[in-house]
Amino acid sequence: MSFTLPDLPYAYDALAPYMSRETLEYHHDKHHLAYVNNGNNLLKGTEFEGKSLEEIVKGSFGKNAPLFNNAGQHYNHLHFWNWMKPNGGGAIPGELEKKIIEDLGSVEKFKEDFIAAGVGQFGSGWAWLALKDGKLIVAKTANGESPLVSGATPILGVDVWEHSYYIDYRNRRPDYLKAFVDHLVNWDYVAELYSKAV
Ligand SMILES: [Fe+2]
């Protein structure tokens, strides 16, 4: 397969004031596009041509760093746009909420741990809620990595590269993460990925 840049599932100004039009224009139109274009160039002539994106991400990890970085970031961003919606945050669908409480203590504890993972990721990377061996875990990864490379299935992720928040929050990464959890998360999409993963 070759990589293509999808349109955002909402208008560029739909996530304001928590994520601005300017951030989405740069992040989607320039950063994500670069991962798509570089990924397509790096894919040519490799054993991964014709494979699915998930197979490319998992297969190139530790073997072909330039391809992995771009394919990994393409995978992460494809989901990231859908992990947000206007008027997000709010109630978590029942089954998923029950599982969060069972595996992670409480919804509040999950939110604290998820934000702490994002704050604690030194430099560029992502914070995650993922399903591993039937249990939900909170994790953080560097650069373009995701829980996919450690045998888990990501169901929610937040981009903590500076390109995701610096225009709107400057150096205040904790404020960005709190706004993401409280006002942006599209829990319906997270629940959909959870149902597919179990
Ligand atoms: Fe990003």
Side-chain angles (χ1 to χ4, degrees), residues 3-43 53-54 56-58 60-61 65-86 88-89 114-130 138-150 152-186 189-190 193:
F3 305 152
T4 50
L5 182 70
D7 289 335
L8 284 179
Y10 31 71
Y12 284 90
D13 56 5
L15 303 183
Y18 306 108
M19 190 174 282
S20 66
R21 164 186 284 274
E22 189 182 1
T23 290
L24 284 170
E25 282 172 351
Y26 273 88
H27 198 173
H28 175 273
D29 300 2
K30 297 187 188 298
H31 291 280
H32 191 174
L33 180 64
Y35 300 132
V36 166
N37 291 338
N38 293 335
N40 281 329
N41 288 332
L42 291 159
L43 194 56
L53 177 58
E54 292 192 16
I56 296 167
V57 171
K58 288 192 248 185
S60 63
F61 182 62
L67 176 60
F68 171 78
N69 289 337
N70 287 282
Q73 282 291 70
H74 179 46
Y75 171 87
N76 294 349
H77 286 82
L78 279 180
H79 289 294
F80 184 58
W81 310 128
N82 289 291
W83 278 321
M84 301 185 287
K85 69 171 189 180
F114 183 79
I115 290 170
V119 171
Q121 171 54 41
F122 185 76
S124 296
W126 294 73
W128 303 96
L129 174 64
V138 170
K140 60 178 190 245
T141 59
N143 302 318
E145 291 181 27
S146 74
L148 265 192
V149 304
S150 48
T153 306
I155 64 169
L156 173 65
V158 62
D159 190 339
V160 299
W161 286 57
E162 286 186 346
H163 66 219
S164 194
Y165 63 89
Y166 214 82
I167 290 170
D168 300 321
Y169 297 88
R170 297 299 169 187
N171 60 323
R172 294 177 290 114
R173 190 192 284 187
D175 291 354
Y176 156 65
L177 287 162
K178 192 167 186 325
F180 178 87
V181 167
D182 289 343
H183 302 287
L184 294 176
V185 177
N186 178 356
Y189 186 63
V190 181
L193 293 180

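Both ligands and their constituent atoms are indexed starting at 1 by order of listing. Hydrogens, waters and symmetry mates play no part in the numbers below; they use all other heavy atoms, side chains included.
Residues forming a side-chain contact (heavy atoms from CB on, under 4.5 Å) with R172 (at least two apart in sequence, or on another chain): Y169, D175. With sequence neighbours excluded, the residues that form a salt bridge (Lys or Arg N to Asp or Glu O under 4.0 Å) with K85 are D188. Applying the ring pair (Phe, Tyr, Trp, His ring centres under 6.0 Å) test to H163 and every residue at least two apart in sequence or in another chain returns H27, H31, H77, W161.
Protein contacts to the Fe ion (ligand 1) involving N, O or S atoms at a distance below 2.8 Å are H27 NE2, H77 NE2, D159 OD2, H163 NE2.
Remark: of the listed residues L78, N37, V36, V36 is the sole one forming a side chain to side chain contact (heavy atoms under 4.5 Å, CB included) with L5.
The environment of R170 atom CZ is sparse: at most 12 non-hydrogen atoms of other residues, nucleotides or ligands sit within 6.0 angstrom. Atom OH of Y26 is surrounded by 12 or fewer heavy atoms from other residues, nucleotides or ligands within 6.0 Å.
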